[in-house]
**Student:** 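What follows is a single structure, and I will ask about it in a moment.
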Amino acid sequence: MALQEFVEELDSLSASAHQALTSATNEEQLEEFRVEFLGAKNGRLKSAQKLMGSVGKEDKPAAGQKLNETKKLILGAFDDAKARLLSIEADVLDPTFDPTLPGKKYRLGRIHPITQTIEELKDIMGRLGFSIAEGPEIEDDWHNFEALNIPGEHPARDPLDNFYLSVAEKSGVSDAGVGQPTLMRSQTSTVQIRVMENNPPPIRVISLGRVYRPDTADATHYPMFHQMEGLMLDVDVTMADLKTVLRLFATNYLGEDVTIRIRPSFFPFTEPSVEADYFWNGKWVEFGGAGMVDPNVLQSVGYDPETISGFAFGLGVERLCMRRHSITDIRALFTNETRFLHQF
Ligand code: DAH
């Protein structure tokens with residue numbers, strides 16, 4: 001047989017294979033194709049292979065190559081057709097599949113409103129140039145009281161107002177704090193001290209986190225809540241800067257040009273101390289304490305109060321979140337009732 005003839009034979013074989021495959025619409029037809037074309041004994045591909053014997057010796061390499069190509073083409077097309085039919089069967093030909101049925105509804109979780117508030121506060125304060133600082137929730141006497149100008153006999157240390165833990169024991173690593181009481185921190189002002197101990201001025205940080213006080217839970221109290229602490233220290237920081245930051249914060253968070261007012265107050269760690277209110281929905285609402293950092297505090301961390309000044313503030317996160325969403329009972333934020341949480 002001439003090479004030319006052999007090639008034509010194979011071309012027509014692959015053309016008819018292609019045609020058979022494209023018109024196959026089910027598995028039986030595919031099986032018929034397999035027997036007719038790929039059958040090991042009498043398949044048409046096998047017969048074509050036998051024709052090789054009659055091709056002249058010098059044409060054998062070319063004929064062999066052609067045979068291999070044709071085989072590859074047909075097997076490839078067969079696999080494609082198989083995959084096509086399988087996917088059609090799975091999707092459409094499955095008699096139990098009803099595309100008109102409603103889909104499965106997956107209940108998506110949501111971010112807790114307190115976490116949402118914290119993220120928003122970080123965002124607003126970030127735009128005012130404040131970065132984030134963190135501190136531990138189990139604190140020692142020094143950071144929760146002493147360094148904040150709250151000496152030994154101060155009523156803020158009352159065991160009825162604090163969750164005291166055990167006295168710190170020797171850990172084997174260092175003697176720092178050994179013999180001192182530890183407690184669940186009662187305020188995030190502790191982080192002010194930790195930041196100042198580890199960084200030279202200027203400082204502009206906020207710290208958001210949980211604080212703990214043994215209050216009985218009611219609509220406005222909970223034994224654990226969140227605070228946002230702010231601290232800004234530099235040369236020549238004044239009360240005007242404090243007021244500006246508080247006002248920008250309030251207008252950003254409440255989304256309108258709210259008026260704020262500050263009233264004289266007292267905190268051991270600030271001098272002078274103020275309480276800040278904003279006018280919102282026809283009422284004055286208290287939103288936190290603030291003041292100029294007391295020179296005693298600056299000294300306790302080794303800063304020079306003659307050259308460095310600054311302000312600090314502490315706001316209740318729950319209170320801000322509750323005002324914003326008109327939530328009237330703080331306990332709703334901690335009972336994890338999904339019907340409540342799904343609203344935010
Ligand atoms: N730590 C105070 C509290 O828990 C709030 C506070 C008041 C924080 C004045 C401050 C501040 O940084 O300057 O009630």
Side-chain angles (χ1 to χ4, degrees), residues 121 125 128 130 132-137 139 141-151 154-158 160-163 183-197 201 203-215 220-234 237-247 249-250 260-278 285-301 303 305 308-320 330:
L121 299 183
M125 296 309 292
L128 293 174
F130 286 76
I132 310 290
E134 286 191 45
E137 291 184 11
E139 264 299 2
D141 185 82
W142 170 255
H143 292 95
N144 202 87
F145 298 124
E146 198 71 37
L148 285 164
N149 202 26
I150 305 176
H154 197 280
R157 292 169 171 255
D158 193 328
L160 291 176
D161 294 331
N162 296 282
F163 282 116
L183 74 164
M184 303 303 291
R185 68 178 177 196
S186 61
Q187 49 186 352
T188 44
S189 304
T190 53
V191 186
Q192 290 183 29
I193 303 300
R194 291 189 175 272
V195 170
M196 290 189 281
E197 280 173 340
I203 281 176
R204 209 189 287 195
V205 293
I206 52 165
S207 184
L208 286 128
R210 296 173 180 189
V211 299
Y212 301 83
R213 295 177 192 175
D215 286 330
T220 53
H221 295 88
Y222 206 76
M224 182 279 296
F225 58 98
H226 297 74
Q227 287 186 328
M228 173 168 81
E229 192 78 17
L231 177 68
M232 177 167 166
L233 289 166
D234 204 338
V237 177
T238 69
M239 203 82 174
D241 299 308
L242 168 62
K243 212 176 160 184
T244 303
V245 167
L246 289 179
R247 192 178 56 75
F249 166 73
I260 75 157
R261 81 177 173 194
I262 54 177
R263 291 177 284 116
S265 184
F266 176 79
F267 297 102
F269 31 87
T270 43
E271 181 58 36
S273 302
V274 299
E275 239 156 296
D277 307 326
Y278 51 73
V285 182
E286 186 190 322
F287 76 107
M292 302 306 291
V293 179
D294 194 292
N296 285 346
V297 174
L298 296 175
Q299 248 154 7
S300 75
V301 294
Y303 279 22
I308 295 301
S309 63
F311 63 78
F313 60 86
L315 316 177
V317 174
E318 278 75 5
R319 197 181 286 176
L320 290 167
I330 190 174

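Whatever order the structure lists them in is the order used to number ligands and atoms, beginning at 1. Worth saying up front: this structure is predicted, and the values here are computed from it rather than measured. For this chain, numbers begin at 1 and follow the sequence in order.
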**Student:** Nearest 0.5 Å, what's the CD-OG1 distance between Q227 and T190?
**Tutor:** 9.0 Å

**Student:** Mind checking what residues have non-hydrogen atoms under 4.0 angstrom from ligand 1?
**Tutor:** Q187, S189, Q192, R213, Q227, E229, F267, F269, T270, G289, A290, G291, A312, F313, G314

**Student:** Report yes if some heavy atom in the side chain of F145 is under 4.5 Å from a heavy atom in the side chain of E139; otherwise report no.
**Tutor:** no

**Student:** Measuring from atom NE2 of H226 to atom CD of E318, what distance do you get when rounded to the nearest 0.5 angstrom?
**Tutor:** 6.0 Å

**Student:** Any non-hydrogen side-chain atom of V205 less than 4.5 Å from a side-chain atom of E229?
**Tutor:** no

**Student:** Report yes or no: do N144 and S186 form a side-chain donor-acceptor pair below 3.5 Å?
**Tutor:** yes

**Student:** Do H143 and Q192 meet the criterion of a side-chain donor-acceptor pair at a distance under 3.5 Å?
**Tutor:** no

